[in-house]
Amino acid sequence: MDQETPQEKPLYQRIYAMVRQIPYGKVTTYGSIARLVGGCTARMVGYALAALKNVHEGDEVPWQRVINAQGKISSFGDGFGSAIQRQLLEMEGVRFNSEGRVDFAEVGWLTEKS
DNA sequence: AGATTGACTGCAT
DNA sequence: CATGCAGCCAATC
């Protein structure tokens, strides 16, 4: 599977590590993580998280704290994922406004654009 | 080795 | 404000 240089971890691992750095009760966007990791784009982050279900480490990655730039949750899985993700965030104390979006000024993690 | 896809984003219409 | 399209680059078939 991953026979690349053992010194450098796969792009996935790098993204997972970054997602794990998200503090409790905070959320961030795909684009922000992509920029923090560097060298990858929002699509890479989404692709990496999508593969989480195939990765063993996915169990400890707070993927629910990663949402899209619109402050909303992206639909994935069979359509249940988004519903589950919202509950997970609310369980952590993340508030959703009437539009179903989160307040980045309140729970946004490194969401500032340079 | 080539084509397809994807939990996104930003701009254009 | 809703919809569409192109760009992004790696993983999978």
Side-chain angles (χ1 to χ4, degrees):
Chain A
M1 302 291 273
D2 42 280
Q3 261 39 308
E4 300 300 306
T5 50
Q7 307 172 19
E8 194 171 307
K9 295 184 175 179
L11 186 56
Y12 278 27
Q13 289 282 294
R14 219 166 166 187
I15 294 170
Y16 299 153
M18 183 61 65
V19 175
R20 283 201 206 97
Q21 302 314 302
I22 303 176
Y24 179 93
K26 296 276 185 176
V27 296
T28 190
T29 69
Y30 297 93
S32 295
I33 290 190
R35 189 164 12 141
L36 290 169
V37 173
C40 68
T41 61
R43 267 212 148 113
M44 301 298 93
V45 179
Y47 195 81
L49 294 184
L52 267 179
K53 63 184 197 295
N54 295 320
V55 177
H56 172 69
E57 298 186 47
D59 292 329
E60 53 182 288
V61 177
W63 54 271
Q64 67 262 27
R65 292 177 188 152
V66 184
I67 59 183
N68 62 22
Q70 300 176 9
K72 290 180 171 173
I73 301 173
S74 306
S75 308
F76 70 99
D78 299 320
F80 291 88
S82 54
I84 294 170
Q85 183 168 11
R86 174 166 173 165
Q87 286 202 8
L88 285 168
L89 290 175
E90 289 185 310
M91 182 172 61
E92 296 197 354
V94 177
R95 283 217 196 165
F96 287 81
N97 62 21
S98 57
E99 297 178 344
R101 311 202 308 197
V102 302
D103 187 347
F104 282 117
E106 219 123 340
V107 296
W109 182 68
L110 303 177
T111 47
E112 299 175 39
K113 295 182 179 177
S114 37

Please name all residues satisfying side-chain contact (heavy atoms from CB on, under 4.5 Å) with [X], sequence neighbours left out, ordered by chain then number.
X	result
A:Asn97	A:Glu99, A:Arg101
A:Arg43	A:Thr41
A:Thr29	A:Ser32, A:Phe104

Legend entry - DNA chain C contacts made by residues 19-32 of chain A, counting heavy atoms under 4.0 Å: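 Result for residues 19-32 of chain A: none.
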
Compare the minimum distances between each of [options] and the side chain of [X], then state the nucleotide with the smallest one.
X	options	result
A:Tyr12	B:dA7, B:dG10, C:dA10	C:dA10
A:Leu11	C:dA10, B:dA7, B:dT9	C:dA10
A:Asn68	B:dC8, B:dA7, C:dA10	B:dC8
A:Gln85	C:dC8, C:dA10, B:dA7	B:dA7

d([atom1], [X]; [atom2], [N]) in whole Å:
X	N	atom1	atom2	value
A:Phe104	B:dT9	CZ	P	9 Å
A:Ile84	B:dA7	CD1	P	15 Å
A:Met44	B:dT5	CE	P	15 Å
A:Leu88	B:dA7	CG	P	18 Å
A:Tyr16	B:dA7	OH	P	13 Å
A:Gln70	C:dT3	CD	P	12 Å
A:Arg43	C:dT12	CZ	P	16 Å
A:Trp63	B:dC8	CH2	P	13 Å

Inset, instruction - For A:Trp63, check ring-ring contact (aromatic ring centres under 6.0 Å, His included) against everything at least two apart and list the hits. - result: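 A:Phe76.
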
Legend entry - With sequence neighbours excluded, residues passing salt bridge (Lys or Arg N to Asp or Glu O under 4.0 Å) with A:Arg20: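 Salt bridge (Lys or Arg N to Asp or Glu O under 4.0 Å) list for A:Arg20, sorted by chain: A:Glu57, A:Glu60.
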
Legend entry - A:Glu92: partners by salt bridge (Lys or Arg N to Asp or Glu O under 4.0 Å), with sequence neighbours left out: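 Only A:Arg65 meet the salt bridge (Lys or Arg N to Asp or Glu O under 4.0 Å) criterion with A:Glu92.
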
Legend entry - Minimum heavy-atom distance between A:Ser75 and A:Ser82, given as atom pair plus value: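 Closest approach of A:Ser75 to A:Ser82: CA-CB, 4.3 Å.
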
Inset, instruction - Could you tell me whether the phosphate oxygens of B:dC8, OP1 or OP2, come under 4.0 Å of any side-chain nitrogen or oxygen in A:Thr41? - result: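 No, because none of the side-chain N or O atoms of A:Thr41 sits under 4.0 Å from OP1 or OP2 of B:dC8.
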
Inset, instruction - Provide the full list of ring pair (Phe, Tyr, Trp, His ring centres under 6.0 Å) pairs with a residue in residues 28-59 of chain A, sequence neighbours left out, each pair given once. - result: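 Non-adjacent pairs meeting ring pair (Phe, Tyr, Trp, His ring centres under 6.0 Å): zero.
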
Inset, instruction - Give A:Ser75 one of three labels, base, sugar-phosphate or nothing, depending on what nucleic acid heavy atoms sit under 4.0 Å from its own. - result: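 The answer is sugar-phosphate, as A:Ser75 gets under 4.0 Å only of primed atoms, P, OP1 or OP2.
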
Legend entry - Contact residues, residues 46-55 of chain A to DNA chain B [heavy atom, < 4.0 Å]: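 When residues 46-55 of chain A is checked for heavy atoms under 4.0 Å from DNA chain B, the hits, listed by number, are A:Gly46, A:Tyr47, A:Leu49, A:Ala50.
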
Inset, instruction - Following the transitive rule for hydrophobic clusters with a side-chain heavy-atom cut-off under 4.5 Å over Ile, Leu, Val, Met, Phe, Trp and Tyr, establish whether A:Leu110 and A:Val107 coincide in one cluster. - result: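 No, no single cluster joins them.
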
